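Data block below; observations after.
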Amino acid sequence: MKHVIFILSGLLFMVGCSSNWQTYQVPSNGTIDIPSSDYNTERAYIKNKGKNAIEVSVVDEDTGEKTSGFGLEKRGKADVIVPRNKVVKVNNPTSESTTVSIKMKTEVAQAVSSTAKYIKFTLVNDSNASIPLLIPSVMNPNLSPNSRSGVSLKVGQKILFRSKGKKHILLVVDDAIQNGDEIEVSALLEQRKATLGLRS
């Protein structure tokens, strides 16, 4: 009997874990909103189950201002930090409905200085390949081919990439970047790899 109880408990645990993922249908040329907690910062894990690229952004619930965003290619995965009172918007710009799976997990909030300077700029991927990036404590976007991803990052924030399992700095946000600037990531990535002696 103890073995039976143990097995049943294990099954209940697995069901509980899997139920954290919520599946949403996004209509053609439509947008869905996934609100975050009113009290906690969360991390949204996102899977694009569809055959086409989608657009993901984090928007202030009160002002409607977009604080971050990126394209997510078909079958792509990404995660993004969602501060409290923010909304995850998933936009489907195609003529076919699509499906996404999203899991929200409470994140340990980090103290942010009220004097921190943020710069709004765009990460551009002009290549035909996706580019996975890591923006610590913010998001881990996977830039879709030929896409544009708006971000709002504080001065000093590092943007990283992986090569052969190791993390490297792609760029550090500084005052040389101005609001509204566009940074072509694929070209910058090739330059950084050449500088660091990494093979493409």
Side-chain angles (χ1 to χ4, degrees), residues 26 29 31 43-60 65-83 86 88-96 98 100 102 110 112 116-200:
V26 190
N29 298 302
T31 301
R43 184 180 292 270
Y45 297 87
I46 305 166
K47 297 179 182 178
N48 180 5
K49 300 285 191 176
K51 298 181 293 183
N52 300 297
I54 58 175
E55 299 165 354
V56 179
S57 58
V58 177
V59 176
D60 187 285
E65 180 182 11
K66 183 170 76 171
T67 59
S68 63
F70 55 93
L72 189 59
E73 63 182 359
K74 63 179 181 179
R75 310 301 179 187
K77 300 178 183 179
D79 61 87
V80 57
I81 293 293
V82 188
K86 296 293 189 293
V88 178
K89 284 186 175 290
V90 179
N91 179 47
N92 174 18
T94 72
S95 58
E96 298 180 9
T98 192
V100 294
I102 299 177
Q110 296 185 356
V112 177
K117 178 182 177 181
Y118 282 77
I119 301 174
K120 298 177 184 178
F121 58 99
T122 302
L123 300 175
V124 180
N125 178 11
D126 280 341
S127 74
N128 293 320
S130 62
I131 302 177
L133 298 175
L134 300 93
I135 308 178
S137 301
V138 180
M139 61 180 171
N140 296 328
N142 192 5
L143 303 184
S144 299
N146 301 297
S147 69
R148 303 163 61 85
S149 301
V151 294
S152 177
L153 301 175
K154 65 182 178 180
V155 170
Q157 175 70 59
K158 295 178 181 178
I159 300 180
L160 312 176
F161 69 95
R162 279 196 180 97
S163 179
K164 296 182 179 180
K166 294 184 178 181
K167 298 177 185 178
H168 304 275
I169 295 175
L170 178 66
L171 67 87
V172 178
V173 178
D174 59 23
D175 288 320
I177 302 174
Q178 301 296 310
N179 283 317
D181 278 358
E182 297 185 352
I183 296 177
E184 211 296 292
V185 177
S186 58
L188 179 60
L189 183 59
E190 290 303 312
Q191 293 173 8
R192 285 293 294 152
K193 285 183 176 180
T195 299
L196 295 171
L198 303 171
R199 293 183 178 180
S200 299

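As the structure is a prediction and not an experimental result, all values here were calculated from the model. Along the sequence shown, residues are numbered consecutively beginning with 1.
Counting all heavy atoms, side chain and backbone alike, T98 lies closest to G50 at OG1-CA, 3.1 Å. Nearest heavy-atom pair, A44 versus V88, reported as atom, atom and distance to 0.1 Å: CB-CG2, 4.2 Å. In plain terms, the two heavy atoms of S149 and G71 that are nearest each other are OG-N, 3.3 Å. When all heavy atoms are compared, the tightest approach of P93 to A53 is CD-O, 3.9 Å.
Of the N and O atoms on the side chains of E65 and T67, not one donor lies less than 3.5 Å from an acceptor on the other residue.
In this structure the side chain of L153 reaches within 4.5 angstrom of the side chain of I159, judged on heavy atoms. Using a 4.5 Å heavy-atom cutoff, the side chains of D60 and K86 are in contact. Here the side chains of S130 and P145 are in contact, with some heavy-atom distance below 4.5 Å. Counting heavy atoms from C-beta on, the side chains of F121 and V173 come closer than 4.5 Å. In this structure, the side chains of N91 and S57 stay at 4.5 Å or more apart for every pair of heavy atoms. Residues F70 and V80 form a side-chain contact, since some pair of their non-hydrogen atoms from C-beta on lies under 4.5 Å apart. Using a 4.5 Å heavy-atom cutoff, the side chains of Q157 and P136 are in contact. Taking 4.5 Å as the limit, some side-chain heavy atom of E96 sits within range of a side-chain heavy atom of K51.
For the side-chain contact (heavy atoms from CB on, under 4.5 Å) criterion with L133, the lone passing option out of V151, L170, L160 is L170.
Between the CD atom in E190 and the OG1 atom in T195 there is a gap of 11.0 Å [rounded to 0.5 Å]. To the nearest 0.5 Å, atom OG of residue S152 and atom CG of residue N179 are 8.0 Å apart. Interatomic distance, I131 CD1 to N142 CG, rounded to the nearest 0.5 Å: 9.0 Å. Note that CG of N48 and CG of L72 are 5.0 Å apart. Values are rounded to the nearest 0.5 Å. Interatomic distance, CD of E73 versus CG of N52, reported as 12.0 Å (0.5 Å rounding). In this structure, CZ in F161 is found 10.5 Å from CG in L171, a value given to the nearest 0.5 Å.
Q178 places no side-chain N or O within donor-acceptor distance of the main-chain N or O of I119, the cut-off being under 3.5 Å. Remark: side-chain polar atoms of N125 are paired, donor with acceptor, to backbone N or O of S144 under 3.5 angstrom. One N or O on the side chain of E184 and one on the backbone of D126 form a donor-acceptor pair closer than 3.5 Å.
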Report task. Check the pair V90, I102 against side chain to side chain contact (heavy atoms under 4.5 Å, CB included), reporting the backbone distance first and the verdict last. Result -> CA-CA 10 Å; V90 179; I102 299 177; 4.1 Å; yes
Query raised in the report: Between N140 and R43, is a side chain to side chain contact (heavy atoms under 4.5 Å, CB included) present by the stated rule, with each step listed?
Result: CA-CA 10 Å; N140 296 328; R43 184 180 292 270; 4.1 Å; yes
